[in-house]
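Report on the structure given below.
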Number of protein chains: 2
Amino acid sequence: LSHASDVSVPTIKYYLREGLLPAGEPTAANQARYDETHLHRLRLIRVLRTVADLPIATIGQILAAVDDQEQPLHHVLGVAHAALNPPPAPEDQLLIEAQREVDAWLGQLGWRVSAQAPARGALAHALASLRQLGREHSPQALDIYAEAADRVAAWELDRLAATDTREEQVENVVVGTVLYEAVLTALRRLAQEHHSTMRFDRKQP
Amino acid sequence: LSHASDVSVPTIKYYLREGLLPAGEPTAANQARYDETHLHRLRLIRVLRTVADLPIATIGQILAAVDDQEQPLHHVLGVAHAALNPPPAPEDQLLIEAQREVDAWLGQLGWRVSAQAPARGALAHALASLRQLGREHSPQALDIYAEAADRVAAWELDRLAATDTREEQVENVVVGTVLYEAVLTALRRLAQEHHSTMRFDRKQP
C-alpha cells in the first residue's frame with residue numbers, strides 16, 4: 001500500500017490507528033492485504049491533508065459523513081463546508097455589522113442558505129477586513145463575484161445530480177469542494193496575470 | 001497602537017523587530033508615537049497573517065515589493081502570487097503530464113501568462129489529484145471555471161486601472177488577491193448550498 005500510494009508506512013499506520021483507513025484483510029501475524037478501496041481512501045485522505053490542509057480529526061468527521069449511508073447528500077455538503085471553514089473570528093463591531101449586511105444581501109438575492117452556513121461568517125470576515133483597511137467593497141463588486149460563483153455552482157450541482165450512485169455523489173461533493181476550489185483559485189490568478197499583462201506590462205509586444 | 005488595532009504589544013514588538021512595521025517617532029526613552037500609517041500597515045499585516053495564513057518572512061517580501069516605488073504593478077502582482085502559492089509538490093509522472101496539459105490548454109486559450117507563473121503548478125496539482133482519485137475533469141469543466149475566473153479578473157483589473165495612485169494600486173493588488181479570493185470562495189460555497197437546497201433538500205417547501 002505504501003509503495004502504490006507513495007505514502008510512508010508510519011503515516012499509513014497512523015491513519016489506521018486513527019480509524020481514517022479501514023484495516024486490511026489479515027494474511028499473517030504481522031501482515032495484511034490491502035485492495036483498491038484502501039488505496040483510493042488513502043489518496044482521498046492525502047488530498048484532504050495536503051490540498052485542503054485539514055487536521056486529522058476533521059478528516060475523520062468528513063469520512064464518517066461520507067461512509068454513513070443514511071446521510072443525505074445535502075448534509076454531507078454541510079459537513080464538508082463546516083470542516084473547510086476557518087473557526088469564527090473574534091466578535092467585534094465591524095464583524096457584527098458585516099454579518100448583518102451579508103444576511104440582508106443574501107436574502108435579497110433569494111439564495112436559500114441556512115442561517116448557520118459557515119461561509120456566511122467567512123464572507124463577513126473578508127468584508128469586515130476590507131472595511132478595516134479602508135477598502136470598502138462597492139455594491140457592484142459583490143454582485144460580480146456572486147454571479148461568477150452562481151454559474152459555477154449551478155453547473156457543479158447539475159453535474160452532481162447526473163451522477164449515478166450515492167457513493168460517487170458524496171465523494172464528488174467532498175473532492176469537488178476542495179479540488180475545484182483550488183482550480184478556480186488558480187485560474188483566477190492566471191486570469192489576473194493575463195489581464196495585468198495586457199494592461200500594464202510594457203515589455204510585451 | 002495595540003489598543004487601536006487589538007493586536008498585542010509583544011506581537012507589535014515582534015513585527016517591529018522583523019522590519020514589517022516601520023518604527024514610530026521616539027517621544028521618550030521607552031516611548032514612541034505611531035500614526036495612522038502604522039495602524040494601517042499593522043492591519044494589512046494581520047490580514048496577510050490571518051486570512052492568507054502567510055509566514056512572517058513571506059509577508060516581509062510582499063511589503064518590500066509594495067514599498068519599492070521602482071517596482072511596476074505587474075511585478076507586485078507576481079510577488080503576491082508567488083507568496084500565496086504553496087511550494088511545488090514532489091514531481092511525479094501524473095503531475096508532469098498535468099503540467100503539460102495545463103500549458104497546452106493555456107496556450108490555446110491565448111492567456112498571456114509567464115511560463116513561471118506559480119498558479120500553473122497549483123492548477124496542475126489539482127488536476128493530477130483529481131486524476132489520481134479517478135475523477136478526471138471533463139474538458140468542459142476547465143472552460144466553465146476559466147470563464148468565471150476571466151470575468152472576475154477582467155473586472156478586477158479594470159477597477160485597478162481606474163485607481164489613482166501607485167500606492168493605492170499596489171495595496172489593492174495585495175489585499176484584493178487575498179480578500180476577494182476569500183469572498184469568491186465563500187460565495188461559491190453559499191451558491192453550492194443554495195443549488196443543493198433547490199435540488200436535494202426535500203424538507204424545504
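Order of the sequence lines sets the chain letters (A, B, ...), proteins ahead of strands, with each chain counted from 1.
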Top contributor to chain A contacts, counting heavy-atom pairs under 4.5 Å, from B:Leu44, B:Val47, B:Val173, B:Leu130
B:Leu130

For A:Arg120 and B:Leu190 the tightest heavy-atom approach is N-CD2, 3.9 Å

Tell me the residues of residues 147-160 of chain B whose non-hydrogen atoms fall below 4.5 Å from those of chain A, in number order.
B:Glu147, B:Ala148, B:Ala149, B:Asp150, B:Arg151, B:Val152, B:Ala153, B:Ala154, B:Trp155, B:Glu156, B:Leu157, B:Asp158, B:Leu160

Using a cut-off of under 4.5 Å on heavy-atom pairs, state which of A:Ser114, A:Ala146, A:Ala182 scores highest against chain B.
A:Ser114

A:Leu179 to B:Ala126 - nearest heavy-atom pair and separation:
O-CB, 3.9 Å

What's the spacing between B:Gln132 CD and A:Leu42 CG if we round to 0.5 Å?
9.0 Å

Interface residue of largest heavy-atom contact number with chain B, from A:Ala161, A:Ala191, A:Ser138, under 4.5 Å:
A:Ala191

To the nearest 0.5 Å, how far apart are CZ in B:Arg43 and CZ in A:Arg135?
12.5 Å

To the nearest 0.5 Å, tell me how far A:Thr197 OG1 sits from B:Trp111 CH2.
11.5 Å

Is there a side-chain contact between A:Glu193 and B:Arg112, using heavy atoms and a 4.5 Å cut-off?
no

Starting at CD of B:Gln192, measure out to CG of A:Leu77 and round the result to the nearest 0.5 Å.
5.5 Å

Which residues, numbered in order, of residues 101-110 of chain A come under 4.5 angstrom of chain B by heavy-atom distance?
A:Trp105, A:Leu106, A:Gly110

